[in-house]
Each structure stands twice: as structure tokens, then as C-alpha cells.
**Q** 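Take a look at the following structure, please.
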Amino acid sequence: MIKITFPDGAVREYETGISALQIARSISEGLAKKVLAASVNGQVWDAGRPIYQDASLKLLTWGDTEGKSTFWHSSAHLMAEAVESLFEGVKFWVGPPVENGFYYDMDLGGKQMTEEDLRKLEVKMTELARQQEAFQRKEISKADAIQYFTEKGDEYKLDLLQNLQDGEITFYTQGQFTDLCRGPHIPHTGLIKAIRLTNIAGAYWKGDERNKMLTRVYGVTFPSQKELDEYLALLEEAKKRDHRKLGKELGIFTMDDDIGPGLPLWLPNGTIIIEELEKLAKQTEEKGGYKRVVTPHIAKENLYLTSGHLPYYQDSMYPPMELDGVKYYLKAMNCPHHHKIFAAEQKSYKDLPFRLAEYGTCYRYEQSGELFGLMRVRCLHMNDAHIYCTKEQFYEEFKAVNDMYLKYFKIFGIGKYVMRLSLHEPSKLGKKYVDEPALWKETEALVRDVLIRTNTPFVEVPDEAAFYGPKIDVQIWSTIGREFTLATNQVDFAQGRRFKLEFTNRDNQAETPLIIHRAPLGTHERFIGFLLEHYAGKFPLWLAPVQVKILPISDKFLEYAQTLLQSLKNADIRAEIDDRSEKIGKKIRDTELAKIPYMLVIGEKEVAENLVSLRKQGKGDLGKRTIEEFIRDARQEISDRRGE
RNA sequence: GCCAUUGUAGCUCAGUGGUAGAGCACUUCCUUGGUAAGGAAGAGGUCGUGAGUUCGAUUCUCAUCAACGGCUCCA
């Protein structure tokens, strides 16, 4: 007999060799039907695998992350089985679960897969699932495994086997399909009730662009049709919040073939948002002791040779234009320009920290396949600043930057974010990173220290630093689940020396400052793209391009509307009159759809009483008040930069 | 940059080897209506661009550009 400890602390005895599935069945048949896998002593196992020793046990179902990923992993195998039956000679690479479903990479031997094939595969998968094929685990020796795949002529699985040792190799078989796999899997394919293969994509073998391109098929499955339907509905919702769609509908930005890929044109509404964001940044930076500067969009080649950017990033800079035998580049970053401003006047330790801020326009020739709406563009406006400070000042400065991030997150209601401490990879010194091992260690420790001392939660990620120093990237998620890097906060020990930046210290010695690069609001492009999805286009009052729409019941009241408009304009509130000869219902509907925060409905009664009827977007009628009252409240809401 | 898909009116989309349609938006007229769509008429496209096949191409083929989905990349 063995002792099994359950998550609630209960301990029960079972016969040696009992499986999690049998235990579940002993509790209830209903539970047993839902069990997908089991966590045995913290390890995820097949639910049907016998347990021979005392263990802690957690039954995993659809509600558990591991249960879900096991389900999707098994679904990938089911898909592979279907693919094998429809595409003879297919060879598989890997098929893991992902955040929303699974994929399997495969070599179709020159054959092409189409959307129609996906539908056929879905049918085949459903058919196979109905047969309730059990997933059978088999431990196998490396020699036998190699023999199996050699006979099959599968070089991909043989490649995988190279890195595996005897004793850790297992095969899983369901129906006609056998795969090298460490598992675990769900008990049988019959649990997979709803199947949707979502798309076909290319993916480099082992993620290396020098390798062969494999075919990757993505899919998602569910234990019931209802859940699939809900998932599809969610995708529909996400589509409506897509910043590219909203950006067009709300007149924020546009792209034009004649301008060029990745070069957005900011429409008047979008420009208002840009100006409001810059106002916020200027106010915040003013308080933080930053000085504003403006620098040119181009510079001589030599500047980027000095900074060290050119050898690292030449391919992603627009090619140079040559004038009088000198090459000029469009700037891809603002730092070298700011360094030159630091160097323009003699500096003493009394001038430090020296903080320069600029909403700098940069041009980056991003690979064509990288371009993505506003999120990834070739012309960007960066909320950039550089802080030149001593090592002693570093902690306070870095902390102040961190605090600034948090202040912004509060204003914009960004609740979910992850700070990623990006470190260098020692083996790539001199290639991807500046070859200064001691300085890397020192600055990485400095940054880690700030995060720890300020109790900032963070994760460490290796091999993601900038070439000149470690950095903190802030990862955020838009409400439709899109993940991206918003802000970045970097330490730079390299460029100060390269530019021979110096200040005179207390001992009358020349010293090189540390440089902090920071961009809490990222770029206008990415941030506004994010905000569009974050707010679903319903901007808070302070950001809304049009804040108030005046809706006269009929054009008899246009004159009164004009006096209201004038009052609003005098109070710096962005307002418009809907002077079309439409019914009030139509005017309200159009204003609601344009996501304008406030509507002032005026008719005979309002004119007689010298009032306005206030209506809030999405909330409906709020009743009557004087225009002065409305202006007072609206101005307060704007100056508070209120989110809701 | 690589693999796959898509490109028709301002927007969303239908359609065809014989030089194109809907809804919304737009213009004009009628309507002056009280909290999410009043009515009528009209204007608008050399079907992404270039070449080829064909008596004839928006439709078929190729190339090219762009967008979208991934991969790789992101100072």
C-alpha cells in the first residue's frame, strides 16, 4: 500500500501501482471523466501511469494550466496522426502546446498545405477522436529509438535523439501514430471534442533563419463545442479592438503606399493624442529635472562609428545619402546626439545628474516582415531621455526613472506588466556585446540592486541586453492579449568613454559619467497603438480628440449651440456641433459610435432654461445642468487625467 | 529577409473569360424630429501595379508592390 496526499492535506491509502485515473474513479466517475493528467510530487504525469511510492497528488483538469497544456499537447499528436494519414511521407519536428492552443512543425517533402486541407484535417481529427484512442507510453532504449527512426528515414527525430540519454527516452502511441515524446498526455483522444486548425505558417527549423523552412500548423482544441464557440467569439471581440481597425475608424492614423511601408501619417485626431502625451511627458520631466532639447534627424556616419551603433545595426538603418563625399545617416537613435549636447559645454560634478529629454524622431529600416500596424514601424517618435550621472548617483536616478514608469502606469491604468532585467551573454562579448567583462558584471549588479532595494518584481533574462549595457524592458499586454515591450530603461557604460564624455570631479580629476537611457512611454507609435486597444478606442476625456459633441434637437437651436461651443472653446475643451438635419436618435448613435466622451443635447427646454442635457458615452442620459457646471467638472476631469 | 494567404467604390464586402454590384459613408432635396439608424434622388471604381496567354482579362499565368498570419529580428 502507498500513501497519497491530496492538495487539501488529506492522506489516503491505495494499492501500490494504482494510477491517478483509478484514484479519480474511486472518488467519482464524473471526476474521472474530466481528469487530463496528474501532478505527482509536483511533476506532471500521465493520469494512467502507475504510482509505486508514497506521493502527493493533484488531479489536473481543464481548469489547470498544466491540464490545458497537456490537452493541447495531445491534440498536436492527434493532428499529426491526421496529417500522416493525409500526407504520405511527412516528417515531424516538434509539436508543443502554446498559450492558445498548439502547433506542430513538419516537413511535407515539398508538398503544400492549403486551407482546404485544414478543414479535411479537422474532419479526420474528429473521426480519430471519436475512436477514443488511448495514449500509450513506452520507455525505450536510445539504440532502439535510433533504429526506429532510421528505418523511418526521419532525420528530424534522429536529431532530437542526439541530445537525449538512455533512460529518458519515451515513445507515445495513439492509434496509428507513434512519436518520440517525453509526454505527458491525456488518457485518450476522445476527450478532444472541438477542433479548430487556425493557420498555416512557415517556421525555420530550430528557429534559425539559415535553416530549412518547415510548415507549421496552428490549432486549438476544447473539451466541448461550447468552449470553442466562446473562444471564437473572443477572437471576434479582439478584432474589433485591433488598433489598426480603430485607428482607421477614429481617424487616428493612416498608411499610404506612396509614403512607404511602416511610415504612418498621423491624422488630426491622432495628432491631438500625440500632443496630449507630450504635454504629460513635458510636465513630468520638468518636475524630474530634465532639460528639453531638439536634435536633427540626420548625422554624419562618423557619429555612429563613434557610438558603436553602426557595426551592430547598419542593416536596420536606412542606407546613407552621400553629400560632398560624406555619408549621412537618418538617425535610428537619439543617444549620440544627446552625448554631443553633453559634450558641448564643460561639465563639473556640480552639473550632474545631467538629464536631457527629447521626443526624438527616429528612422529604423525594420525588416519588411516585422512591420505591424503602429506597433512596429520605420518612423518613430521616442519618449527618449539620457541621464548622465556618477556611480554614486546611479541608485537614486535609476529609482526615479522606475518611479516615473509606475506613475505613468497608474495614469493609464496599466495593471499587468513585467520588468525584465536583460543581461549579457559572456560568450558573445566582442560580438553582440561590448567586450568589457568587468563593467558588465558591475553594472548588472547595480541594476539588480536597484530592483531589489525598491522591491520591484522582476525576471532576469539572459542574452537580451543592449550592446552597451544591461537594461530593464517593461513588458505589457493590451486588453486583447497582445504582448509587447513598452518601455526600456538601460544602463550604458560604453558610450560615455567612446565619446570621451567627462566631468571634473571633486578631486579635480576628469571622470566619465554613467549614462541611463530611458523611454517610459516608448514611442508614440507603439504607445498609441497600445492605448487604442487598451481603451477599445474609448479614450479618457483628457486624451479624446473630440471631447464634447453638441447635439441640437433641430436646427432651430443652432444659435444656442454656437454660444455653447464658444464657451467650451474658451475653456480649452475640444468640442464640435452636429449641425446635420438628422433626428436626435441618429446624432446620438453616430456620436456614440465615434466614441466621443460627452454629448450635450439641446432643444426647446434647454434653451428656455439656459441649460444643457448631458449624456455620457456608453452611460446614457445624465440629466440637465448649466454649461458652467459642466465646464467646471470637465476641466477637473481633464486636469486630473482621470481614467474612468 | 523567409514561408503561406489576401488585394474590387472613402469603409465593410459580394461577383464574373464578354470593359462591375450591395450596405454604410458622401452630395442635393424633402423632413425640424426629444436620447443608438426618417425618406427620396444623385455622384463615385481603367477591379494594387506591370507583363504574358486569349478575338477579348477585373477573372487564367508570371513578375512586382503592399497588407495580413507566422518564423527570424528589435539599439
**Q** Please find the earliest and latest nucleotides of RNA chain B, in the 5' to 3' direction, that have an atom within less than 4.0 Å of any heavy atom of chain A.
**A** B:rG1 to B:rA75
**Q** Under 4.0 Å between any heavy atoms, over every strand shown, what does A:Tyr204 touch: base, sugar-phosphate, or nothing? Just pick one.
**A** base
**Q** Does the plane of the ring in A:His77 sit parallel, tilted or perpendicular to the ring in A:His73? Use 30° and 60° as the thresholds.
**A** perpendicular
**Q** Represent RNA chain B in dot-bracket notation, 5' to 3'. Only Watson-Crick or G-U wobble pairs with both distances under 3.5 Å count; pseudoknot-style crossings use [ ] and interstrand partners use |.
**A** (((.(((..((((....[..)))).(((((.......))))).....(((((..]....)))))))).)))....
**Q** Got a list of side-chain donor-acceptor pairs under 3.5 Å for residues 577-586 of chain A, not counting sequence neighbours?
**A**
residue, atom, partner, partner atom, Å
A:Asp578, OD1, A:Arg580, N, 3.3
A:Asp578, OD1, A:Arg580, NE, 2.9
A:Asp578, OD2, A:Arg580, NH2, 3.0
A:Arg580, NH1, A:Asp590, OD2, 3.1
A:Arg580, NH2, A:Asp590, OD2, 2.9

**Q** Does anything in residues 603-627 of chain A pair up under salt bridge (charged side-chain N to carboxylate O under 4.0 Å, His left out), and if so which pairs, sequence neighbours excluded?
**A** A:Glu592-A:Arg615
**Q** Using a heavy-atom cut-off of 4.0 Å across all strands, would you classify A:Glu115 as base, sugar-phosphate, or nothing?
**A** nothing
**Q** Using a heavy-atom cut-off of 4.0 Å across all strands, would you classify A:Ile553 as base, sugar-phosphate, or nothing?
**A** base
**Q** Report which part of the nucleic acid A:Tyr103 touches: base, sugar-phosphate, or nothing (heavy-atom distance under 4.0 Å, all strands).
**A** nothing
**Q** I'd like the C1' distance from B:rU61 over to B:rU54, given in whole Å.
**A** 12 Å
**Q** In whole angstrom, give me the gap between the C1' atoms of B:rC29 and B:rU35.
**A** 27 Å
**Q** Within the 4.0 Å heavy-atom criterion, would you say A:Gly603 contacts the bases, only the backbone, or no part of the nucleic acid?
**A** base
**Q** Rounding to the closest angstrom, what is the interatomic distance between B:rG45 and B:rU58 at atom C1'?
**A** 11 Å
**Q** Measuring only the C1' atom in each nucleotide, how far is B:rG21 from B:rA36? A whole number of Å is fine.
**A** 29 Å
**Q** Need to verify one output field. Residue with the more 5' nearest nucleotide on RNA chain B, A:Gln367 or A:Lys605?
**A** A:Gln367
**Q** Using a 4.0 Å heavy-atom cut-off across all strands, classify A:Glu366 as base, sugar-phosphate, or nothing.
**A** nothing
**Q** Would you please indicate yes or no on a ring centroid separation below 6.0 angstrom for A:Phe354 and A:Phe342?
**A** yes
**Q** Name the nucleic acid region contacted by A:Tyr312, choosing base, sugar-phosphate or nothing; use a 4.0 angstrom heavy-atom cut-off, strictly under.
**A** nothing
**Q** Does the separation of the ring centres of A:His524 and A:Tyr359 fall below 6.0 angstrom?
**A** yes
**Q** Check the orientation of A:His309 and A:Phe467. Use parallel for under 30°, tilted for 30 to 60°, and perpendicular for over 60°.
**A** perpendicular
**Q** Select base, sugar-phosphate, or nothing to describe what A:Gly522 touches, counting heavy atoms under 4.0 Å on all strands.
**A** nothing
**Q** Taking only the C1' atom of each, what is the distance from B:rA51 to B:rC65 in whole angstrom?
**A** 15 Å
**Q** Identify all side-chain donor-acceptor contacts of residues 86-97 of chain A below 3.5 Å with residues at least two apart in sequence or on another chain.
**A**
residue, atom, partner, partner atom, Å
A:Lys91, NZ, A:Gly153, O, 3.3
A:Lys91, NZ, A:Glu155, OE1, 3.1

**Q** With P as the reference atom in both, quote the distance from B:rC11 to B:rG7 in angstrom, rounded to an integer.
**A** 15 Å
**Q** May I ask you to say what A:Asn199 touches in the nucleic acid, namely base, sugar-phosphate or nothing, with a heavy-atom cut-off under 4.0 Å?
**A** sugar-phosphate
**Q** Hey, does A:Lys471 reach any base, or is it just sugar-phosphate, or nothing, if we go heavy atoms under 4.0 Å?
**A** sugar-phosphate
**Q** Using a heavy-atom cut-off of 4.0 Å across all strands, would you classify A:Arg376 as base, sugar-phosphate, or nothing?
**A** base
**Q** Ring centroids only, cut at 6.0 angstrom: are A:Phe493 and A:Tyr468 within range, meaning strictly under it?
**A** no
**Q** Give every donor-acceptor pair under 3.5 Å between a side-chain atom in residues 256-271 of chain A and any protein atom, sequence neighbours left out.
**A**
residue, atom, partner, partner atom, Å
A:Asp256, OD1, A:Asp258, N, 2.7
A:Asn269, ND2, A:Leu250, O, 2.9
A:Thr271, OG1, A:Leu267, O, 2.9

**Q** May I ask you to say what A:Arg216 touches in the nucleic acid, namely base, sugar-phosphate or nothing, with a heavy-atom cut-off under 4.0 Å?
**A** sugar-phosphate
**Q** Return the 5'-most residue of the pair A:Gln490, A:Lys245 with respect to RNA chain B, ranking by each residue's nearest nucleotide.
**A** A:Lys245
**Q** Reckon A:Gln495 touches a base, only the sugar-phosphate, or nothing at all at heavy-atom distances under 4.0 Å?
**A** nothing
**Q** Which part of the nucleic acid does A:Gly369 contact within heavy-atom distance under 4.0 Å: base, sugar-phosphate only, or nothing?
**A** base
**Q** When the ring centroid of A:Phe499 is compared with that of A:His339, is the distance short of 6.0 Å?
**A** yes
**Q** Taking atom C1' in both B:rU6 and B:rU59, compute the distance separating them and give it to the nearest angstrom.
**A** 16 Å
**Q** In this structure, is the centre-to-centre distance between the rings of A:Phe630 and A:Tyr598 below 6.0 Å?
**A** yes
**Q** Say you pick atom C1' in B:rC71 and the same atom in B:rA9; how far apart are they, in whole Å?
**A** 36 Å
